[in-house]
**Student:** 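Sharing a structure, written as structure tokens. Questions coming.
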Amino acid sequence: MVYSYNFRSSLRWSSVKVDKGLVLYTVHFKTGAFNQWDEMNCTRIAQTECSFPLLLKERRWTFFFRVRAELGQVTSDWVETDPFVAERNTTIGPPKVNSVIESSDSLLISVTPPFGSEAGDFLQYHVSYWENATSTTKKEIKMSSTLFEIGNLKELTLYCFRIQVELMTHSDLQLLGLQSVPKCHRTTLSETTRAAYIILIFVLVSFFVTLVTAGLFLLWRHHKTIKYWSQPPLEIPSHFEEYLKDPSMPVLEVLDNYAEDDPHDSVSLVFSGDGSQACGSSLDGQAHTHSVSGDSEVT
């Protein structure tokens, strides 16, 4: 069988299995114009493949090939191929993508054809593209240049594309090649959108700074009120509250109990009466003094 990819062709065949000895192979060719078999530099070879020489590179010629196996003086029958015309029977591979330049609304693609063109050849590139990597809605454009643009795209959007080559010759033959592996690229931001984002960020930052400044000013303006409301309420100790509810309770006993419970506190009691005489009494953890007027009442 003839294997041909991008007009690089070779003849391949299956090997012959034998118990002993080395099997060799011989290949002949002829053209459709001359019914005469000739050798093609593949005589008595051990390989099972024979590449075409330069003489057989003509794309439009019709070729026939035959091969036989040889083991010593013993030879097999010749096995012939179907007629082969490279222009019709070769497999065209995908083009090589050299570069992709992204903009806000287009992708500029540069490719290299998979083979060198000859006089009379016309190559056309079928480009299918779609939005996002999982979208099934595809669009297709046809280009004849190796530098082309996919336009009318959305900004900041991922697009994937595949390319295949179609060969059209002077004899009106059309040969469609294999598709390339999908390539994906994301479009960029336009200058207008970029400016809008910058303005929006500036406005948000300005608003945040203004809000923080106003908050700090309010804290400074009302710091006394905030401090007042943030302090815990003052409460009378429970043993003093019990004494005020029951004046008959001995004062000194209450003070002694308080001094024993908390020897590190200091308390002052003020007594007043009709004689307008005031006495002070203070307690700490180690000693206490007291003074009471004659007929005074606790207030």
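All values below were derived from every heavy atom in this structure, side-chain atoms included, with hydrogens, water molecules and symmetry-related copies excluded.
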**Student:** List, one per line, each side-chain donor-acceptor pair under 3.5 Å for residues 7-18, sequence neighbours excluded.
**Tutor:**
{"unit_1": "S9", "atom_1": "OG", "unit_2": "S4", "atom_2": "OG", "d": "2.7"}
{"unit_1": "S10", "atom_1": "OG", "unit_2": "E49", "atom_2": "OE2", "d": "2.9"}
{"unit_1": "R12", "atom_1": "NE", "unit_2": "E49", "atom_2": "OE2", "d": "3.3"}

**Student:** How far does CZ of R59 sit from CG of L167, to the nearest 0.5 angstrom?
**Tutor:** 7.0 Å
**Student:** Do P114 and V165 touch side chain to side chain, with heavy atoms closer than 4.5 Å?
**Tutor:** yes
**Student:** Within this structure, what is the CH2-CD distance for the pair W37 and E80, rounded to the nearest 0.5 Å?
**Tutor:** 4.0 Å
**Student:** When you measure from the side chain of Q164 to the backbone of G177, do you find a donor-acceptor pair of N or O atoms at a distance under 3.5 Å?
**Tutor:** yes
**Student:** Of the non-hydrogen atoms in P83 and N89, which two are nearest, and what is the gap between them?
**Tutor:** O-OD1, 4.1 Å
**Student:** Do side-chain atoms of T187 reach the backbone of S103 as a donor and acceptor pair under 3.5 angstrom?
**Tutor:** no
**Student:** T157 and N132: side chain to side chain contact (heavy atoms under 4.5 Å, CB included), yes or no, with the steps?
**Tutor:** CA-CA 7 Å; T157 305; N132 298 329; 4.1 Å; yes
**Student:** Please tell me whether V127 and I92 are part of a single hydrophobic cluster in this structure, the criterion being side-chain heavy atoms less than 4.5 Å apart.
**Tutor:** yes
**Student:** Which pairs with one or both residues in residues 145-169 pass ring pair (Phe, Tyr, Trp, His ring centres under 6.0 Å), sequence neighbours excluded?
**Tutor:** none
**Student:** Would you say F52 and F84 make side-chain contact, with heavy atoms under 4.5 Å?
**Tutor:** yes
**Student:** Donor-acceptor pair, S128 side chain versus E140 backbone, under 3.5 Å?
**Tutor:** no
**Student:** Any idea which heavy atoms bring G151 and S106 closest together, and the distance?
**Tutor:** CA-CB, 4.0 Å
**Student:** Starting from L108 and following side-chain heavy-atom contacts under 4.5 Å between hydrophobic residues (I, L, V, M, F, W, Y), which residues can be reached?
**Tutor:** I101, L147
**Student:** Going hydrophobic residue to hydrophobic residue with side-chain gaps under 4.5 angstrom, can you get from F34 over to M40?
**Tutor:** no
**Student:** Checking one residue: Y5. Which other hydrophobic residues are in its cluster under the side-chain 4.5 Å linking rule?
**Tutor:** L178
**Student:** Measuring from Y3:OH to T91:OG1, what's the distance to the nearest 0.5 Å?
**Tutor:** 10.5 Å
**Student:** Given a cutoff of under 4.5 Å between side-chain heavy atoms of I, L, V, M, F, W and Y, with clusters grown through shared members, what are the other residues clustered with V209?
**Tutor:** I201, V205
**Student:** Among Ile, Leu, Val, Met, Phe, Trp and Tyr joined by side-chain contacts under 4.5 Å, find the other residues sharing a cluster with L24 and list them by chain and number.
**Tutor:** L22
**Student:** Are V85 and L56 linked, directly or through intermediate hydrophobic residues, by side-chain heavy-atom contacts shorter than 4.5 Å (ILVMFWY only)?
**Tutor:** no
**Student:** Under 4.5 Å between any side-chain heavy atoms of H28 and D38, yes or no?
**Tutor:** no
**Student:** Let me know which of K154, R186, K138, K139 forms a salt bridge (Lys or Arg N to Asp or Glu O under 4.0 Å) with E131.
**Tutor:** K154
**Student:** Who are the side-chain contact (heavy atoms from CB on, under 4.5 Å) partners of M168, not counting sequence neighbours?
**Tutor:** F122, Q124, E166, Q174
**Student:** With a 4.5 Å cut-off on side-chain heavy atoms, are T90 and F115 touching?
**Tutor:** no
**Student:** Among the clusters formed by ILVMFWY side chains lying less than 4.5 Å apart, do M1 and F65 turn up in the same one?
**Tutor:** no
**Student:** Taking the side chain as every heavy atom from C-beta outward, state whether R162 and Y129 have any atom pair closer than 4.5 Å.
**Tutor:** no
**Student:** Do V97 and I109 pass the side chain to side chain contact (heavy atoms under 4.5 Å, CB included) test, and can you show the C-alpha distance, the side-chain angles, and the key distance before you say yes or no?
**Tutor:** CA-CA 7 Å; V97 178; I109 304 172; 4.2 Å; yes
**Student:** Go through the structure and list residues passing side-chain contact (heavy atoms from CB on, under 4.5 Å) with Q47, not counting sequence neighbours.
**Tutor:** I45
**Student:** May I ask you to test the I141-I150 pair for a side-chain heavy-atom distance under 4.5 Å?
**Tutor:** yes
**Student:** Treat each ILVMFWY residue as a node, draw an edge where side-chain heavy atoms are under 4.5 Å apart, and state whether V100 and W130 are in one component.
**Tutor:** no
**Student:** Is it the case that the side chain of T31 and the backbone of F63 share a donor-acceptor pair, with hydrogens and angles ignored and the cut-off at 3.5 Å?
**Tutor:** no
**Student:** Over all heavy atoms of both residues, which pair between V27 and C50 is shortest? Give the atoms and the distance, please.
**Tutor:** CG2-CB, 4.2 Å
**Student:** Side chains of L153 and L107: does their closest heavy-atom pair fall under 4.5 Å?
**Tutor:** yes
**Student:** Enumerate the salt bridge (charged side-chain N to carboxylate O under 4.0 Å, His left out) contacts for residues 60-78, please, sequence neighbours excluded, ordered by first and then second residue.
**Tutor:** R44-E70, R60-E87, R60-E118, R60-D121, R68-E70
**Student:** Does any pair with a residue in residues 64-99 pass disulfide bond (SG atoms under 2.5 Å apart), and if so which ones, sequence neighbours excluded?
**Tutor:** none
**Student:** Determine yes or no for a side-chain-to-main-chain donor-acceptor pair under 3.5 angstrom, with N6 supplying the side chain and G93 the backbone.
**Tutor:** yes
**Student:** Do K30 and F64 form a cation-pi contact, if we require the NZ or CZ to be under 6.0 Å from the six-membered ring centre and within 45 degrees of the ring's axis?
**Tutor:** yes
**Student:** Are E102 and H185 close enough that a side-chain donor and a side-chain acceptor fall under 3.5 Å?
**Tutor:** yes
**Student:** Could you list all the side chain to side chain donor-acceptor pair (under 3.5 Å) pairs where at least one residue sits in residues 206-217, not counting sequence neighbours?
**Tutor:** none
**Student:** Find the distance between OG1 (T26) and CD (E39) and round it off to the nearest 0.5 Å.
**Tutor:** 7.0 Å
**Student:** Which value, rounded to the nearest 0.5 Å, describes the distance between K96 atom NZ and S180 atom OG?
**Tutor:** 13.5 Å
**Student:** Using side-chain contact (heavy atoms from CB on, under 4.5 Å) as the criterion, list what pairs up with P113, not counting sequence neighbours.
**Tutor:** L123, Y125, T146
**Student:** Mark yes when over 12 heavy atoms from residues, nucleotides or ligands other than N41 sit less than 6.0 Å from its CG; otherwise mark no.
**Tutor:** no
